[in-house]
Trainee: 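Next up is a structure, given as structure tokens.
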There are 2 protein chains.
Amino acid sequence: MTDDEQRRPVTTAATSLGILERLKSGGSMGPTGLASELGLAKSTVHRHLKTLEREGFVVPDDDGYRVGLRLLDFGIYARDQHQLYEVAKPKLDELAEQTGEKVWCVTEEQGRGFHLYGAAGAHSVRTPAREGTRSYLHQLAAGKAILSAFPDERVRDIVDRHGLPAKTPKTITAPDALFEELATIRERGFALNREEIVPKLHAVGVAVTDNEGHPVGAISISGPSNRLRGDRLTGDLADLLLGAANEVEINLNFS
Amino acid sequence: MTDDEQRRPVTTAATSLGILERLKSGGSMGPTGLASELGLAKSTVHRHLKTLEREGFVVPDDDGYRVGLRLLDFGIYARDQHQLYEVAKPKLDELAEQTGEKVWCVTEEQGRGFHLYGAAGAHSVRTPAREGTRSYLHQLAAGKAILSAFPDERVRDIVDRHGLPAKTPKTITAPDALFEELATIRERGFALNREEIVPKLHAVGVAVTDNEGHPVGAISISGPSNRLRGDRLTGDLADLLLGAANEVEINLNFS
DNA sequence: AAATCTTGTTCGAACAGTTCGAACGAGGGT
DNA sequence: ACCCTCGTTCGAACTGTTCGAACAAGATTT
């Protein structure tokens with residue numbers, strides 16, 4: 001299933017999607033700016049924008065065009081369809097209330113982690129993560145928990161495909177170190193993240209698996225490193241997460 | 001700005017987007033099913049799907065392909081970019097807590113209403129609305145509040161473009177009735193919805209405008225008709241909403 | 001267990017559509 | 001009042017897309 005290269009992509013559609021991505025990463029823009037950044041003719045970009053606008057995927061703006069809310073419609077649909085979301089959500093709210101920290105629910109798609117839902121506790125801190133955010137699995141506690149539930153072969157495919165880019169000096173960047181870490185996670189049941197994605201940010205993560213042992217995602221608790229450390233991190237919080245994940249798994253298999 | 005028809009749409013991109021929409025409205029599907037429903041060759045659909053998959057917009061599934069979580073990434077981005085969202089959100093949470101009902105924040109795009117964020121109170125009921133949902137403005141309390149803040153000419157454009165489709169027997173379907181209602185809303189400051197979109201569901205809505213008087217959206221409270229009626233609906237709740245909208249407006253104009 | 005559907009996938013060739021660049025019109029800035 | 005930049009339109013060359021047929025793989029049936 002790991003096709004390296006696509007034989008005959010629909011380049012026209014890819015161009016439209018590229019415009020969409022540029023509007024997301026670069027903010028609002030007009031045809032001229034997009035054309036020069038994407039290396040296309042102004043008229044070409046213009047035509048694409050008009051087509052995207054007709055479907056509501058982009059919308060006119062003071063600075064040109066921006067991504068439209070039609071995408072929120074699609075995105076929320078995608079999330080609601082996901083089996084993990086509806087089952088995990090109430091439990092996450094509960095965990096956030098109990099711990100006061102930020103609690104996330106993450107799932108894997110195409111070898112990347114997607115933040116499905118985040119519940120904010122009373123003392124939760126701001127992090128770069130939002131709902132919908134796509135991250136590298138090896139940079140997340142929840143992501144490493146997911147990886148630990150995959151067979152090694154699958155992990156190797158993911159590493160081959162996406163690499164192990166670093167976010168901080170503590171990010172795991174060596175495949176060997178990753179596999180070692182995954183073995184540890186499998187033993188103790190939960191994953192840890194100590195400033196591997198954001199300095200001063202720690203997290204615990206536990207995988208949620210279906211009744212065949214395949215991960216459908218993971219849940220995690222994250223917070224400032226001086227609050228999430230020692231016994232609280234590897235004891236209380238980890239236990240809490242393990243129990244929650246277990247509950248979710250049971251509810252998952254009867255729905 | 002109300003271009004009736006597009007001169008030269010990028011039909012290839014439109015095909016891809018059509019596939020995406022079909023996957024959303026019809027659920028997961030494979031190339032064969034999509035091809036027959038969209039009137040395309042199997043091989044064509046296959047190529048589009050592969051391209052969409054490469055960008056994460058669709059993802060393989062047990063039943064073929066489904067819309068991918070990449071769209072959640074885009075959608076949440078679109079929402080976070082929206083000026084109204086970040087300002088209104090905390091206020092909505094507060095209102096939901098106070099009233100116990102479901103509180104929504106809606107904005108307009110291309111003449112349609114988009115549910116940006118919904119806060120659930122303790123007694124809030126389930127409705128078809130989710131975040132991201134696109135609705136007809138005339139079917140919503142918040143939508144009518146938005147329309148009431150538009151110049152008549154703009155409202156006429158929107159009615160011409162989208163019509164006034166009915167959801168229940170009480171939905172406004174005549175332009176004259178709509179304009180009459182909008183005049184009433186302008187006078188008293190808030191909009192009402194009495195079973196115009198869902199039977200037994202009532203709502204109050206108030207527009208949020210910028211310092212030039214243009215609506216950036218609206219906020220609403222909705223709930224069962226026997227709880228949202230009489231003085232509570234047009235008195236307490238309406239007042240609460242008016243105050244909240246006012247607060248949001250002030251915060252909006254200084255950010 | 002063999003056979004027969006159906007499904008996802010690949011390929012070539014004809015065709016249709018997209019791309020580019022130049023030119024037009026409009027708006028803002030100097 | 002001028003100029004510059006932006007969004008928009010148009011025609012023609014050409015590139016990319018579409019279709020249908022054929023293949024492979026899996027599931028279901030007999």
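Here is how names work: the chains are called A, B, and so on, in the same order as the sequence lines, proteins then strands, and each is numbered from 1.
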Trainee: Quickly work out the A/L38 CG to C/dT18 C1' distance and round it to whole Å.
Mentor: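 Going from CG in A/L38 over to C1' in C/dT18 covers 16 Å.
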
Trainee: Could you state the NZ-P distance from B/K50 to C/dC11, rounded to the nearest angstrom?
Mentor: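 Taking atom P of C/dC11 as the reference, NZ of B/K50 is at 14 Å.
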
Trainee: Would you indicate, yes or no, if C/dT7 has its OP1 or OP2 atom less than 4.0 angstrom from a side-chain nitrogen or oxygen of B/H46?
Mentor: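 The answer is no; no side-chain N or O of B/H46 sits under 4.0 Å from OP1 or OP2.
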
Trainee: Could you please spell out the steps behind the salt bridge (Lys or Arg N to Asp or Glu O under 4.0 Å) verdict for B/E109 and A/R66?
Mentor: CA-CA 12 Å; B/E109 217 168 66; A/R66 68 158 189 267; 3.0 Å; yes

Trainee: What string of B, S and - do you get for nucleotides 24-30 of chain C 5' to 3' if you count protein non-hydrogen atoms under 4.0 Å?
Mentor: -------

Trainee: Nearest heavy atom decides the nucleotide; on that basis, is A/T32 or A/T11 closer to the 5' end of DNA chain D?
Mentor: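 Its nucleotide being nearer the 5' end, the pick is A/T32.
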
Trainee: Has A/H48 got a side-chain N or O lying under 4.0 Å from the OP1 or OP2 atom of C/dT19?
Mentor: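 True: A/H48 side-chain N/O within range (under 4.0 Å) of C/dT19 OP1/OP2.
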
Trainee: Taking the six-membered ring for Trp, are A/F74 and A/F57 ring centroids under 6.0 Å apart?
Mentor: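 Yes; A/F57 has its ring centre under 6.0 Å from that of A/F74.
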
Trainee: Represent DNA chain D in dot-bracket notation, 5' to 3'. Only Watson-Crick or G-U wobble pairs with both distances under 3.5 Å count; pseudoknot-style crossings use [ ] and interstrand partners use |.
Mentor: |.|.|.||||||||||||||||||||||||

Trainee: Looking at every strand, decide which applies to B/S43 at a 4.0 Å heavy-atom threshold: base, sugar-phosphate, or nothing.
Mentor: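 Base, at least one base heavy atom under 4.0 Å.
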
Trainee: In whole angstrom, give the distance that lies between atom CD1 of B/I19 and atom C1' of D/dT18.
Mentor: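 Spelled out: CD1 on B/I19 to C1' on D/dT18 is 12 Å.
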
Trainee: Under 3.5 Å, side chain of A/E108 to main-chain N/O of A/G113, donor-acceptor pair present?
Mentor: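 Checked: no pair found.
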
Trainee: When you measure from the side-chain N and O atoms of A/T12 to the phosphate of D/dG16, is any distance below 4.0 Å, counting only OP1 and OP2?
Mentor: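 Answer is no, no contact under 4.0 Å.
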
Trainee: Could you measure the distance from the CZ atom of A/R70 to the CZ atom of B/R112? Nearest 0.5 Å is fine.
Mentor: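 Output value for this atom pair is 8.0 Å.
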
Trainee: Round to the nearest Å and state the distance from B/D63 atom CG to D/dA27 atom C1'.
Mentor: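 Going from CG in B/D63 over to C1' in D/dA27 covers 14 Å.
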
Trainee: Output the rounded distance in Å from CE (B/M29) to C1' (C/dG8).
Mentor: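 Computing the B/M29:CE to C/dG8:C1' distance gives 15 Å.
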
Trainee: With the side chain of A/A41 defined as its heavy atoms from C-beta on, choose the nearest nucleotide among C/dC20, C/dT18, D/dT17.
Mentor: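 Among C/dC20, C/dT18, D/dT17, the one nearest the side chain of A/A41 is C/dC20.
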
Trainee: Are side-chain N/O atoms of A/S28 and A/D63 paired as donor and acceptor at under 3.5 Å?
Mentor: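 Distance-only check fails for A/S28 and A/D63.
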
Trainee: Rounding to a whole Å, what distance do you find between A/L40:CG and C/dT18:P?
Mentor: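 Distance check: A/L40 CG to C/dT18 P gives 14 Å.
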
Trainee: Strictly by modelled atom types, are A/T107 and A/H82 linked by a side-chain donor-acceptor pair under 3.5 Å?
Mentor: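 The answer is yes; a qualifying pair exists.
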
Trainee: Going by an N to O cut-off under 4.0 Å, is there a salt bridge joining B/E86 and B/R79?
Mentor: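 Result for this pair is no, no salt bridge flagged.
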
Trainee: With a cut-off of 6.0 Å (strictly less than), are more than 12 heavy atoms of other residues, nucleotides or ligands near NZ of B/K167?
Mentor: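 Atom NZ in B/K167 is not packed in, count stays at 12 or less.
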
Trainee: Compute both the distance and the angle, then confirm whether B/R156 meets the cation-pi test with B/F179: under 6.0 Å from the six-membered ring centre, within 45 degrees of the axis.
Mentor: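 Yes.
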
Trainee: Applying the side chain to side chain donor-acceptor pair (under 3.5 Å) criterion to A/S16, which one of A/E21, A/R47, A/H48 satisfies it?
Mentor: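 One option only clears the test, and that one is A/H48.
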
Trainee: Of the candidate nucleotides C/dT19, D/dT17, D/dC19, which contains the atom at the shortest distance from the side chain of B/T44?
Mentor: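 From the listed options, D/dC19 comes nearest.
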
Trainee: Rounded to whole angstroms, how far apart are CZ on B/R47 and P on D/dT18?
Mentor: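 Atom CZ in B/R47 sits about 6 Å away from atom P in D/dT18.
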
Trainee: Output the rounded distance in Å from CG (A/L34) to P (C/dC20).
Mentor: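 So the CG-P distance, A/L34 to C/dC20, works out to 14 Å.
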
Trainee: Quick check: on DNA chain D, is the nucleotide nearest B/G39 upstream (toward 5') of the one nearest A/P31, or the reverse? Name the residue that is more 5'.
Mentor: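 Its nearest nucleotide being more 5', the pick is A/P31.
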
